[in-house]
Amino acid sequence: MLLQICPLNFDVAKRAGVSEKAWGGVFGESTDQRVEKFTESVSFDHRLYAHDIDGSVAHAQMLAKVGLLSEDECQQIEQQLAQIRQQIEQGEFRYDIALEDIHMHIERALVERLGDTGRKLHTARSRNDQVSTDIRLWVRASIDRVSDLLLDLQRAFLGRCEADLDIILPGYTHMQRAQPVLAPHYWLAYCEKLERDRQRLGDCRRRANQLPLGAAAMAGTSLPIDRLDVADRLGFEGVAANSLDISSDRDFLLEFAFVLALIAEHLSGWAEEWILWATVEFDFIRLPQTFCTGSSIMPQKINPDVLELIRGKTARVVGNLQGLLVLVKGLPMAYNRDLQEDKQPIFDSFDTVSACLELAAPLVAGAELKRESIAARLDRGFLDATTFMEYLIRRGTPQRSAHHLVGQLVATAMAKNCRLSDLPLDDYRSLDESLDESVYEVLGVERAVASFQSYGSTGPEQVASQIARWRQALGAAPKNN
Ligand code: ARG
């Protein structure tokens, strides 16, 4: 089963006997083949190979520095690890599930090439601190990748602002028309959410970026290692201060899974919104056809499948987070083999969210708001009712009374099937006889938008200053539209 689904070159003919296993000394009997299949992780952790080699090189250099390896041995190890890396990258590396995981594979290849010198690499190291180091290096690199992709998407939203500057959209609460907003206000709302995601990634990165190596199996080592030296070589910000804690710690991985889930949630909300906007009923947006697909039976269909899948894939990213939370529940100190199960969900979340982000940015840049269609129905839904109420408040009417009065006016307009600005002055004066012709100077969607002035509001000046702020923050001129 595994051999069928695994894309790697598996060496089934030449299985390692128990005496060849790195941990085989105490065993008198060979491992059951079913157990080998059940316990292997190389079919998925092979993607840690580069981090594993980086970690091993730094470890070997430190061992040489403290005198546990000779300079010559260290150089040989470095050279051979570089060749093994090349072999893996060229698809020439042979895998054998009897060797369990990527760590054992690389070490075995080294021993095959160097004999006793290769056997020294694992000095003062356990796979427990090794795998934790590798996965931290992977998380660190993956965080940087997701952060870059988020930035691309933010720039895509920012890039729309100039062209869409004067477009007014109906804003909704409870999916009922609420107040008018400028289109760029919408785009920058997404920039804000994605910015928080980037901040969360940065925060998570700091906690991931602590060196576990040197914790060895769980208690540390009696050998004279220099952990700060390894941390320096690998770019870790600090050295984990408690070997027990760090052997069991996967907090950083759960945090990453959470941030990825939240990014997926943000994308899902946006996808849902644009799926609705692309319907005949809304008719707000034209999606780039290159990002849509058709129906095999209905010739007229241009479906927003990419957006639907972005929304749909959120389910598995959230599921992965839940799986990881349950995985670590009740685990005693320190390393437990359960932790091997941390990799597939986090790899999947990263792959899924990266794929969504890679498509989201060009989709955002390539879509087009349907100005006429949006404008033709802006007069519906009394989008100017709240700013009209605020006009009454400015004239001295208490808020509750103003709210009630505008509510009555809306009811009248609904009965007459017209806008607030279509009601005759008599209707206004019958509710408040101090009202005069000037009411018509504040009504209407354009005037409503223009009247917003609070910080962070959709008023044109506020929006313009936010666009300027984002241009500076995102460090680039908008690259689309
Ligand atoms: N492959 C394991 C993992 O991914 C690391 C091996 C630890 N095994 C052990 N017997 N200590 O967690």
Side-chain angles (χ1 to χ4, degrees), residues 2 6 8 10 16 18-27 29-32 34-56 59 88 93 95-111 121-142 208 211-221 240 243-254 256-257 320 323-350:
L2 167 94
C6 181
L8 305 176
F10 270 96
V18 73
S19 57
E20 292 177 54
K21 287 196 193 287
W23 41 256
V26 70
F27 283 79
E29 286 176 291
S30 294
T31 319
D32 189 298
R34 288 166 296 189
V35 172
E36 288 184 339
K37 277 190 187 176
F38 186 69
T39 55
E40 69 85 25
S41 56
V42 70
S43 57
F44 50 89
D45 68 16
H46 64 89
R47 65 190 279 176
L48 295 176
Y49 79 90
H51 304 302
D52 195 70
I53 290 173
D54 288 345
S56 286
H59 182 65
I88 294 175
F93 195 78
Y95 294 91
D96 173 357
I97 55 167
L99 290 175
E100 290 184 24
D101 54 30
I102 189 64
H103 325 293
M104 295 292 227
H105 275 78
I106 292 173
E107 189 186 329
R108 167 59 61 92
L110 193 69
V111 171
L121 175 64
H122 213 50
T123 303
R125 188 174 80 170
S126 149
R127 268 185 299 159
N128 302 349
D129 56 346
Q130 188 179 357
V131 71
S132 170
T133 303
D134 292 3
I135 196 80
R136 280 167 189 269
L137 290 172
W138 178 85
V139 164
R140 204 173 73 180
S142 303
L211 177 79
L213 218 53
M218 44 82 85
T221 174
S243 62
L244 267 179
D245 164 53
I246 205 70
S247 310
S248 61
D249 172 37
R250 291 293 182 274
D251 297 359
F252 65 99
L253 198 134
L254 268 76
F256 188 33
N320 289 336
L324 285 166
L325 284 165
V326 178
L327 174 68
V328 298
K329 175 198 168 292
L331 274 191
M333 302 268 197
Y335 177 82
N336 292 278
R337 191 63 178 267
D338 313 45
L339 292 177
Q340 178 167 295
E341 292 284 313
D342 63 358
K343 287 168 205 64
Q344 282 153 305
I346 197 69
F347 289 162
D348 182 62
S349 286
F350 168 72

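One-based numbering along the sequence shown. Just follow the structure's listing: the first ligand is 1, and inside any ligand the first atom is 1.
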In ligand 1, which numbered atoms sit nearer than 4.0 Å to a non-hydrogen atom of [X]?
{"X": "Gln340", "value": "1 (N), 2 (C), 3 (C), 4 (O), 12 (O)"}
{"X": "Asp101", "value": "1 (N), 2 (C), 5 (C), 6 (C)"}
{"X": "Asn128", "value": "7 (C), 9 (C), 11 (N)"}
{"X": "Ser41", "value": "1 (N)"}

Open item on the list: Tell me whether Arg34 at atom CZ has more than 12 heavy atoms from other residues, nucleotides or ligands lying less than 6.0 Å away.
Closed with: no

Task: Verdict with reasoning, Asp45 to Lys343, per salt bridge (charged side-chain N to carboxylate O under 4.0 Å, His left out) - done: CA-CA 7 Å; Asp45 68 16; Lys343 287 168 205 64; 5.6 Å; no

Task: Main-chain N/O of Thr39 paired to Arg337 side chain as donor or acceptor, under 3.5 Å - done: yes

Open item on the list: Using every non-hydrogen atom in the two residues, find where Asn320 and Ser349 come nearest and quote the distance to one decimal.
Closed with: ND2-OG, 3.0 Å

- [ ] Check whether the side chains of His122 and Arg125 place a donor and an acceptor atom closer than 3.5 Å, and report yes or no.
- [x] yes

Task: Check: Asp134/His103 side-chain N/O donor and acceptor closer than 3.5 Å - done: yes

Quick one: nearest non-hydrogen protein atom to [atom], plus distance?
{"atom": "atom 12 (O) of ligand 1", "result": "Tyr335 OH, 2.5 Å"}
{"atom": "atom 4 (O) of ligand 1", "result": "Lys343 NZ, 2.7 Å"}
{"atom": "atom 9 (C) of ligand 1", "result": "Arg127 NH2, 3.7 Å"}

Open item on the list: For a salt bridge (charged side-chain N to carboxylate O under 4.0 Å, His left out) check, start with the C-alpha distance between Glu107 and Arg127, then their side-chain angles and the critical distance, and finish with the verdict.
Closed with: CA-CA 11 Å; Glu107 189 186 329; Arg127 268 185 299 159; over 6 Å; no

TODO: Mind checking whether Trp23 contacts ligand 1 via backbone (N, CA, C, O), side chain (CB onward), both or neither, at a 4.0 Å heavy-atom cut-off?
DONE: neither

Task: N/O separation below 3.5 Å, Arg337 to ligand 1 - done: no

